[in-house]
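Within every chain, numbering begins at 1; the chains are lettered A, B, ... in the order of the sequence lines, protein sequences first and strands thereafter.
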Amino acid sequence: MTFETSTMTKDPILKVEHLSMRFGGLMAINDFSFEAARGDITALIGPNGAGKTTVFNCITGFYKPTMGMITLRQRSGKEYLLERLPDFEITKQAKVARTFQNIRMFSGLTVLENLLVAQHNKLMQASGYTLLGLFGFPAYRQASKESIELARHWLEKASLIDRADDPAGDLPYGAQRRLEIARAMCTGPELLCLDEPAAGLNPRESLALNQLLQEIRRDTGTSILLIEHDMSVVMEISDHVVVLEYGQKISDGNPDFVKHDPKVIAAYLGVEDEEVEEVIEEIEEIESEQGGINP
Amino acid sequence: MANVASTTASAGSELTARALREAVFAGLITLGLFVLFVGLKTDQNIRNELILTQRWGLLATFIIVAMVGRFLMVAYAQPWLAQRKATKAAAAEVVKEEGFFSRNFSKIAIAALVLYPPVIVALFGVQGSLKWVDNFGIQILIYVMLAWGLNIVVGLAGLLDLGYVAFYAVGAYSYALLSSYFGLSFWVLLPVAGLLAACWGVILGFPVLRLRGDYLAIVTLAFGEIIRLVLINWTEVTKGTFGVSGIAKATLFGIKFDASKDGFAALMGLPISSAYYKIFLFYLALALCMITAFVTIRLRRMPIGRAWEALREDEIACRSLGINTVTTKLTAFATGAMFGGFAGSFFAVRQGFVSPESFVFLESAVILAIVVLGGMGSLTGIAIAAIVMIGGTEILRELTFLKMIFGPNFTPELYRMLIFGLAMVIVMVWKPRGFVGSREPTAFLHKRKAVSGSFTKEGHG
Amino acid sequence: MEYFIQQLVNGLTLGSIYGMIAIGYTMVYGIIGMINFAHGDIFMLGGFAALIVFLLLTTFMAGVPVVLALLLMMIVGMLTAALWNWTIERVAYRPLRGSFRLAPLITAIGMSIVLSNFIQVTQGPRNKPIPPLVSSVYEILGIAISLKQIVIVVITAILLSVFWYVVNHTPLGRAQRATEQDRKMAALLGVDVDRTISVTFIMGAALAAVAGTMYLMYYGVVVFTDGFAPGVKAFTAAVLGGIGSLPGAVLGGLLIGLIESLWSAYFTIDYKDVATFSILAIVLIFKPSGILGRPEVEKV
């Protein structure tokens, strides 16, 4: 296999094996396998309709895959089979957080409240499942204070601190994207899954996003899995790129490798109409040289 | 100059012509709507056959009122409103500093409610206070309690419940039956009724909470009806439509409110009157309302309350944050049901009689209307809506002077529900977000700012 | 066996009436996504209009043929109910279109209260009985089928086919389906959305008025509270069949009619509504979008 890369030898946080997802007669994902290494930024790219979001939904439990195994290994060594957990347990126990392609805010809650909702499980425990908190026990008050501090920390990171008390629905688009990431981070994840975080951002916001993601990785050691169309984001920040087309993996490796993979070029990276034949010829040439590994 | 005057004159006559046209149109519609129902009346004659009575004069009045109303509306009211809007838009918006009254609104309101019975007694005497304390005070407080309970389900969690009255019924019958079969006291049964209602909330909620939107609405409506039908038909226990009567009264630290020599009146050296019991009930209802408000306010600032509101905003995002939406919905259902149960047992102790008649769908509709008219989620708004809607229709009973206008056969009570329905429509069209449309945030870093109603969602479940 | 078939016939009759009302609920729901709570009262209003027309005919035109009388009752009922529903949509629902979703639900409940109390105030609170209009009964293979049952089923079938044709094969129907799919897009493509919605309300009301006339003929009595129970059951039928689906509404109506008459015949009449509502709850638990409804896909 040409796909073997150095990342495979590292400690994987997420292992997706033989994942298949069928909707009626449509095979959205077909025998898809990949690994994401701990501490890495792994990008999942591919043309529209390739099934990237479906893979995400399988990992985060919103879809139950038709076949396959998704293993998450935490720092502590504890392993979870994500395809067997209900969606909210994946966040709660396995510590996987996600954002959405179409932003899903609690638009009527303030920015701060959005981040407090994300700390639900921790606060529930601290409030003795509501009962102790109802009578104002100090343990809950302490936890409540800490949760606001955590929220303040992420608001500062996402440069939203000035808008903390505004309704989330009132934020401009780019800020909502950052808020969604900050909210996901408030759940204390080991793996953060971002569904097109740079979509619709202007270059300046895109740059700020890159910095935020790199900071997250540096400061918290959270591994990041992201779906992205914006090649500048992908190539600049990811350590490992997986390319998906028609539900199948066509390339997997470091950004440089993927960038120069002719199949990726043909499938995805802006090949002009008149160039297509040329590229295909090129691919055939390479393939024949390699002895027809992928017929 | 003359030119300008002539254009305004022609615009004016054009407006008048349009208003006339619209008036004629309105008259025709009114004729069509009312010709059968107002122009003619079905009556029974002595042989119990239906005959028609003709009322063309009344129909003509309807039509004239509609035409004149429409004419004035188009010719004068609409231009005036448009002009006012224009001047308002032109003038810069002045940020109003919150006055002393609005800042301390809830404190003032509570003080007013505490002082209400003594003031009424001072004004109308002990006997005369009965009506004001009972029909207005207690009646409104019951609805406030119910609406605050339903607010948790509909206003906070965004789950449309059309069968809330079921929990009210469970509470009322729990007290009525347990006290008459086992002789337990009100103070024991109040929490029991709340717990039983909460259990029913979980039992009914569990199978249906994965339904969304209007499917949930119809199933809750169905459950409300099922509970009422069972109460009607399970005659061995509930005595069916006859209802349970002679329900024990509540006591104050063991002191009874009766004519006996250790009753409340005798102990206090007061003349015997049922008004003292009503005043006691008023304070009891007020205390229950305060508990409901306190718990709701506290819960909103706790993770569970925030999860409810988050659920209303976006259920999928909730699940992505590790929130178990099923238990979150169930707790909302159970908490709302519990307050319904408290209100129910209070209702039973106040009436001394319960029958399935009190728990019809209309009650659910009225409670829901109060929640929505008040502004979902806002305790103040809901209390205002309860006062306006319930107090307003109660006051119709008092308008005996209308008899002088419409003749001695005029009974204002007959028009009570008609006006109630119209008020629901008018208020909703006028203020679709309710009296208090904005939302108070539950936490803040720098400054507490109300969230405008245009951002909050109404839920879909 | 005969008893069973007899109950089947009764259930079918009742189900036809529910089905006709259910269509109004389901169409309005399909097109603007609101539960038109006042629809049951529109049905009652149609019944009252038919009653008054009947009384007018017997008072002023004694000896008019029954067929003509029924036809007149139906037509006047349809016109009156349609006018009412049109007006209600204009004043109580249209101003709230596109605002808060619960607001039109509340105005609909308000209108429902207004309509039933309006009839109570103007026509009095008592039951309004009329002498039987159609009384012949045929005995077929030991099963008693009354002419009125036949009339109801036949009229329902005719109206539903007309209706089916209108929705599926006319420009009006196309406009309705387009508005249902995407109101904004339909408006952009030149569909007069306001008019289409008005027409939907008018059509629903007309069917409800026919159902009201049939109800009056079948039971021979109408009262101002009659909007509620049949209304709720028709709504239940619409949801059971899958709200938004026209065949679903008819199917739901027939099912509810059958459940009701079979339950009353074999078990206890007291709990027939409990049975109806329980079956609704059970069906929805296993099929959350009703029998013929499109399952709601949760897009993530």
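Top candidate by heavy-atom pairs under 4.5 Å with chain B, chosen from C/Leu115, C/Val76, C/Ile35, is C/Ile35. Counting heavy-atom pairs closer than 4.5 Å to chain C, the top residue among B/Leu52, B/Thr53, B/Val38 is B/Leu52. Interface remark: of the candidates B/Ile51, B/Val425, B/Leu58, B/Val425 forms the most heavy-atom pairs closer than 4.5 Å to chain C. For the set C/Leu45, C/Val53, C/Thr59, C/Leu79, the count of heavy-atom pairs under 4.5 angstrom toward chain B peaks at C/Leu45. Contact count against chain B (heavy-atom pairs under 4.5 Å) is highest for C/Leu56 among C/Leu56, C/Ile119, C/Thr236, C/Leu51. Heavy-atom pairs under 4.5 Å with chain C were tallied for B/Leu50, B/Val372, B/Val429, B/Ile227; the largest tally goes to B/Leu50.
Nearest heavy atom pair, residue B/Ala365 against residue C/Ile109, reads CB-CG2, 3.4 Å. Heavy-atom minimum distance, C/Ala103 versus B/Pro432: CB-O, 4.0 Å. Nearest heavy-atom pair, C/Leu55 versus B/Thr42, reported as atom, atom and distance to 0.1 Å: CD1-CG2, 3.3 Å. C/Ala281 and B/Phe223 make their closest contact through CB-CZ, 4.2 Å (heavy atoms, listed as atom of the first residue, atom of the second, distance). Of all non-hydrogen atoms in C/Ser278 and B/Ile226, the two that sit nearest each other are OG-CD1, 3.7 Å. Of all heavy-atom pairs between B/Phe37 and C/Ala49, the closest is CE2-N, 3.8 Å.
Taken to the nearest 0.5 Å, the CD atom of B/Glu225 stands 9.5 Å off from the NZ atom of C/Lys233. The structure places NZ of C/Lys272 at 10.0 Å from CG of B/Asn233, a figure rounded to the nearest 0.5 Å. Here the OH-CG distance, from B/Tyr215 to C/Leu280, works out to 10.5 Å after rounding to the nearest 0.5 Å. Atom-to-atom distance recorded for B/Leu368:CG and C/Ile106:CD1 is 4.0 Å, nearest 0.5 angstrom. Distance CD1/B/Ile218 to CZ/C/Phe235: 4.5 Å, rounded to 0.5 Å.
With a 4.5 angstrom heavy-atom cutoff, B/Trp430 does not touch chain C via any of its atoms. In this structure, no portion of C/Pro125 lies under 4.5 Å from any heavy atom of chain B. Contacts between B/Arg416 and chain C at a heavy-atom distance below 4.5 Å are absent for every atom of the residue. Looking at B/Leu162, only its side chain comes within 4.5 Å of chain C, counting heavy atoms on both sides. For chain B, the nearby parts of C/Leu284 are the backbone and the side chain; heavy atoms of each come within less than 4.5 Å. For chain B, the nearby part of C/Phe286 is the backbone; its heavy atoms alone come within less than 4.5 Å. Residue B/Leu221 touches chain C through its side chain alone, counting heavy-atom pairs closer than 4.5 Å. With a 4.5 angstrom heavy-atom cutoff, C/Tyr29 touches chain B only via side-chain atoms.
For OH of C/Tyr219, the number of neighbouring non-hydrogen atoms (other residues, nucleotides, ligands) closer than 6.0 Å is greater than 12. More than 12 heavy atoms of other residues, nucleotides or ligands sit less than 6.0 Å from atom CH2 of B/Trp56.
Two residues are said to be in side-chain contact when any heavy atoms from C-beta on lie closer than 4.5 Å; C/Phe118 and B/Phe34 meet this criterion. Between B/Leu160 and C/Leu105, the closest side-chain pair of non-hydrogen atoms falls below 4.5 Å. Looking at heavy atoms from C-beta onward, C/Val232 lies out of side-chain contact with B/Phe361 at the 4.5 angstrom threshold. By the 4.5 Å heavy-atom criterion applied to side chains, B/Leu36 and C/Phe48 are not counted as neighbours. The shortest distance between side-chain heavy atoms of C/Leu102 and B/Val154 falls below 4.5 Å. Using a 4.5 Å heavy-atom threshold, the side chains of C/Phe228 and B/Leu362 count as separate.
For C/Gln123 (side chain) and B/Leu40 (main-chain N/O), a donor-acceptor pair under 3.5 Å exists by modelled atom type. At least one donor-acceptor pair closer than 3.5 Å links the side chain of B/Gln44 to the backbone N or O of C/Asn127. With B/Arg55 contributing its side chain and C/Thr122 its backbone, the two residues share a donor-acceptor pair below 3.5 Å.
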**Q.** Residue pair B/Tyr415, C/Asn117: steps toward the side-chain contact (heavy atoms from CB on, under 4.5 Å) verdict
**A.** CA-CA 8 Å; B/Tyr415 298 86; C/Asn117 282 280; over 6 Å; no
